[in-house]
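See structure below.
Just so it is clear: chains get the letters A, B, ... in the order the sequence lines come, proteins before strands, and each one is counted from 1.
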Protein chains: 2
Amino acid sequence: MNKVSQTWNQHVVKKENKALVLHTIKANAPISRASVAQVTGLNKGTVSSLVSELLDEKLINESGTGKSSGGRRPVMLLLNETAGFTISIDLGVNHILGVVTDLQGNIIHERTVQFKNDDLEIVLTHLYQLIDELIIIIPESEYGIVGIGVGVPGVVTLEGEIQLAPNLGWKKVALKDILFERYRVPIIVENEANAGAYGEKVYGAGMESTELVYASISFGIGVGLILDGKLYKGLRGFSGELGHMTIEKDGPECRCGNKGCWELYASEKSLLEEAEKIGFENASVEQLVFAAENGEAKAIQLLEKLGDYLGIGITNILHIFNPEQVVIGNTIQQAAKFIMPAIEKRIEKNAIGFNKNDVKLNVAKLNNHSTVMGMAAFNIESFFKSTDKEIIPT
Amino acid sequence: MNKVSQTWNQHVVKKENKALVLHTIKANAPISRASVAQVTGLNKGTVSSLVSELLDEKLINESGTGKSSGGRRPVMLLLNETAGFTISIDLGVNHILGVVTDLQGNIIHERTVQFKNDDLEIVLTHLYQLIDELIIIIPESEYGIVGIGVGVPGVVTLEGEIQLAPNLGWKKVALKDILFERYRVPIIVENEANAGAYGEKVYGAGMESTELVYASISFGIGVGLILDGKLYKGLRGFSGELGHMTIEKDGPECRCGNKGCWELYASEKSLLEEAEKIGFENASVEQLVFAAENGEAKAIQLLEKLGDYLGIGITNILHIFNPEQVVIGNTIQQAAKFIMPAIEKRIEKNAIGFNKNDVKLNVAKLNNHSTVMGMAAFNIESFFKSTDKEIIPT
DNA sequence: CTAAGTTTGTCTAGCGAATAAACTAAGATT
DNA sequence: AATCTTAGTTTATTCGCTAGACAAACTTAG
C-alpha cells in the first residue's frame with residue numbers, strides 16, 4: 001500500500017493561516033493588524049507574528065499610522081505590490097497584447113504587436129521580441145519576474161502544451177517548455193477563454209460571483225467556466241468547447257467533425273459570412289456596428305440575428321450550469337449595444353424561470369484585457385502559492 | 001467588518017485527521033493500525049490515539065487478529081457498519097423504492113410501492129407508510145436512523161424544497177420540512193439525477209472517476225454532474241437541466257418554454273410517441289426491447305434512432321465538460337444492448353478527438369438503484385460529518 | 001528448543017503553533 | 001490631569017503531532 005493522502009499538521013495550519021492573512025491584507029488594504037485579526041478570526045498575537053514574517057519576506061509593507069477610533073492609532077499594512085512583476089500575454093490570431101503587471105494586477109506597461117503571418121516561427125519571434133522589451137522595462141524588485149503567462153486561442157493540456165490552435169494553424173506546440181527554456185521563470189500557458197473567465201472573475205465583472213461562465217465570442221467561440229470559485233478544466237483540460245455544442249442536429253458540418261455547432265451560427269466568422277452574402281463586402285465587425293449605428297437596417301438585423309443565436313447557446317448554458325453570471329467577452333463586445341438586447345430577449349423567451357431568474361448577463365468589464373488580466377491573476381496566484389513554506393515530509 | 005473565513009487551528013487538524021483515519025478504515029477494511037499509519041502518512045502514535053477515540057464512539061470495531069507478516073500479529077479494524085442505518089428512497093412517477101442501508105451502504109431491506117395517482121397527498125401517504133415500515137425493520141443500534149434521504153424527479157433548491165416536479169404535477173413542496181416535522185431525523189431531499197450520479201460515483205461505475213456525468217434517461221432527461229469529485233449543483237441547485245438543452249434550434253416547442261430540447265428527441269417519452277406512430281400501440285420500453293430482441297426491424301430502428309439522439313447530446317456533454325466517464329442510467333438501461341452501440345457510433349463520428357479519446361461510456365452499474373444508493377451515500381456522508389467534533393469558536 | 005530478528009501497538013517527552021491574558025504604547029474623552 | 005479606548009507585543013498555557021523508546025507477540029534460523 002502506498003502513502004496516499006495529505007496529512008494535516010501544524011505546518012499546514014501555519015501555511016494556510018499565513019496565506020489567509022496575506023490575502024486579507026491584499027483584499028482590504030490598507031488595514032491594521034487588529035482589523036486583520038477581527039476579519040480572519042485569528043488571535044491578535046497570531047496575526048502579529050505572521051505579519052512580522054510577511055514583513056521580513058518583503059511581501060507586505062507598513063504604511064504609517066491610520067486614524068484613531070478612540071485609542072492608539074493603528075499601523076496600516078499594505079501589500080508590497082512592487083515586490084515582483086508578471087508578464088502577461090494575450091496571443092491572438094493577428095496580434096499579441098503584452099502587459100507588465102505588479103502583484104496587485106496594476107498594469108505598469110502595455111505593448112501590442114500586429115502581424116499577418118501566423119507561422120509558428122514568425123509568431124514566436126514576435127513573442128520573444130515583445131517579452132524581451134517588457135523585461136527591460138521592469139523595475140528592480142525583491143522577487144523580479146514572478147512568471148510569464150500566455151493565453152492562446154486553442155486547446156491546451158493540463159501540462160501547458162497547445163494541442164491545437166485551429167485559427168493559428170498550430171498543432172502540438174509545447175509552448176510552456178519552449179518559453180521556460182528561454183526565460184527560466186515560471187511559465188503558464190492557458191486557453192484564452194479560460195484566462196478571460198478568470199480575469200473577469202478576479203478583476204472584472206465577476207468579482208462577486210463564484211459561478212461564472214465567460215463566453216469568448218470572436219472568430220470562433222470558446223467558453224471559460226468558473227465553478228465553485230475555481231476554473232474548471234475537465235479531465236485533461238479540454239472543457240469549455242461550447243463553440244462545438246450542437247444546436248442544430250441536422251445542421252451543416254463543422255470543421256471539427258460535428259454538426260450544427262453553435263459557432264457556425266453565433267461567431268464573428270458566421271456574422272461576417274452572412275454580411276458578405278447580403279452585400280457587405282470584406283466588412284469587419286467594426287464596420288457593421290458603424291453601419292448599424294447609422295441606422296442601416298440590414299446591419300442592425302445581422303447583429304440582432306447574431307444576438308439571437310448567442311441567446312440560444314446561452315440559454316443552454318443557463319440550463320446546464322445554473323450560473324450566477326454570464327459574461328460576454330472578446331471582439332464581439334464592440335457590438336454589445338445591438339446584440340445584448342437580442343440575447344436577453346431570447347433568454348427571456350426560452351429559458352426556464354428558475355435558471356434565468358437570478359442570473360446576471362454582462363459584457364466583459366475589462367474589454368479586450370480579460371485574457372491578459374486572467375493570465376496576470378494566474379501568475380500572481382501561483383507566485384503567492386510558491387512563497388508558502390514547503391512542508392517537510394518525514 | 002465581519003468575521004468571514006474559516007481559521008485553521010489544531011482542532012481542525014484533529015478533525016480532519018480523524019476523518020482521514022475513519023475513511024481509510026472504511027475504504028480498506030479490515031486494516032491494522034500500522035497499515036493505517038502507513039497509508040495516511042500519520043505517525044503510529046497519532047493513529048493509535050485517534051483509533052481509540054473512534055472505538056469509544058463505536059464508529060469502528062476491532063475484529064480479532066490478522067495474519068503475521070513476520071512479527072507480532074496485527075489487530076484488524078473494521079467500520080462498525082451497523083452503528084447506524086439510513087433510510088434511502090427513490091420517489092418515482094408511479095412507484096417508490098425504499099431501502100434501509102447500513103453505514104457501509106449495504107442494503108439491509110428493500111421495499112417498493114406502485115401507484116397510479118400522483119396527487120401530493122396520496123403519494124405522501126404511500127411515502128409515510130413505506131418509511132414507517134422500514135423503520136420497524138431497523139435493528140437497535142448506537143446511532144439509530146442517521147438520516148432519511150429522498151431522490152425526486154424534479155427541481156430541488158439547495159434548501160430541499162421541490163420547486164417543480166413536472167411529471168408528478170407538483171409545485172413548491174417543502175418536502176424536507178414536511179419529513180423533518182414528522183420524523184425528527186436529518187432529512188436530505190435531492191434531485192433524482194444528482195443522486196444517481198453520486199450513487200454511481202460512490203458505489204457504481206464511477207468509483208475511479210472524479211469527473212463523471214450521469215445521464216438519467218427516463219420519461220424525461222436529467223443530468224447529474226460530478227466535477228472534481230463533488231456533486232455540482234450551480235448557484236441555486238438547478239444545474240444539470242440538460243434535458244432542456246436545445247439541439248434543434250428551430251425544433252418544436254417544449255413544455256419548458258424552450259425549443260428543440262434534447263428530451264424531445266432522446267427521452268423515453270419521445271421513444272414511445274414515435275413507437276405509437278408506427279403501430280406499437282401503448283407499448284412500453286420493455287415491450288420494444290422484447291420486439292427488438294426478436295429481430296423486429298422497426299423496433300430495432302426505433303431504439304437505434306434513440307441511441308443516435310442520445311449520442312448527439314452526449315457529444316455536447318463531452319465538449320462541454322471533458323469528463324472522464326459518462327454513465328447512462330434510469331429506465332432506458334433495459335435497452336442498453338441496442339442504444340449503446342448507436343451512442344458510441346455517433347460519438348465516434350461527431351466528437352472532437354481530444355474530448356472523446358479518454359472518455360469511458362458506461363451503463364449504470366447499480367441498475368435501478370443508482371438514485372437510492374446516491375441518497376444512501378449522502379446520508380452516510382452527512383452522518384460522518386456530523387460526528388466530527390464541533391470547532392468551538394472564541 | 002533457543003536466540004535473533006521483525007512487526008505491532010503504546011507510551012513519554014518534546015516541539016510547534018495557536019490562544020488567552022497580561023502588559024506596553026499611544027491616542028481620545030471628560 | 002485622570003481615565004477610558006484601542007493597537008500591538010509578550011508570556012504562559014494548551015493542544016495535537018512526531019520521534020523514539022519499549023513491551024508484546026510473532027517468525028525464522030540454527
Review point. Starting at NZ of Lys14(B) and ending at C1' of dA17(C), how long is that distance when rounded to a whole Å?
Key: 17 Å

**Study point:** Summary of salt bridge (charged side-chain N to carboxylate O under 4.0 Å, His left out) pairs that have at least one residue in residues 20-33 of chain A, sequence neighbours excluded
**Key:** Arg33(A)-Glu62(A)

Exercise for review: For Tyr232(B), check ring-ring contact (aromatic ring centres under 6.0 Å, His included) against everything at least two apart and list the hits.
Suggested key: none

Study note, to complete from the structure: To the nearest angstrom, the CD-C1' distance between Glu16(B) and dC17(D) comes to 15 Å

Review point. Would you say a side-chain N or O of His11(B) is under 4.0 Å from OP1 or OP2 of dC15(D)?
Key: no

Might you list the N or O atoms of the protein lying below 3.5 Å from N or O atoms in nucleotides 6-8 of chain C, with each pair's distance?
{"unit_1": "dT7(C)", "atom_1": "O2", "unit_2": "Arg72(B)", "atom_2": "N", "d": "2.9"}
{"unit_1": "dT8(C)", "atom_1": "O2", "unit_2": "Arg72(B)", "atom_2": "NE", "d": "3.4"}
{"unit_1": "dT8(C)", "atom_1": "O2", "unit_2": "Arg72(B)", "atom_2": "NH1", "d": "2.7"}

Atom pairs and distances, side-chain donor-acceptor, residues 224-231 of chain B, under 3.5 Å, sequence neighbours left out:
none

Check your understanding: Is a donor-acceptor contact shorter than 3.5 angstrom present between the side chain of Asn43(A) and the base of dA20(C)?
Key -> yes

Exercise for review: Pick base, sugar-phosphate or nothing for Thr46(A), based on heavy-atom distances below 4.0 Å to the nucleic acid.
Suggested key: base

Check your understanding: Quick one: Gln38(A) CD to dT6(D) P, roughly how many Å, whole number?
Key -> 11 Å

Review point. What's the NZ-C1' distance between Lys67(B) and dA25(D), to the nearest Å?
Key: 17 Å

Check your understanding: Can you name the ring-ring contact (aromatic ring centres under 6.0 Å, His included) partners of Tyr214(A), sequence neighbours left out?
Key -> none

Practice item. List in chain and number order the residues that pass ring-ring contact (aromatic ring centres under 6.0 Å, His included) with Tyr198(B), two or more places apart in sequence or in another chain; answer none if no residue qualifies. Key: Phe378(B)

Practice item. Give a yes/no on whether any side-chain N or O of Asn17(A) is located under 4.0 angstrom from OP1 or OP2 of dA17(C). Key: no

Exercise for review: Grab the CG-P distance between Leu42(B) and dG9(C) for me, whole Å please.
Suggested key: 15 Å

Point to revise | Glu53(A) bridged to Lys18(A) by N-O distance under 4.0 Å | key: yes

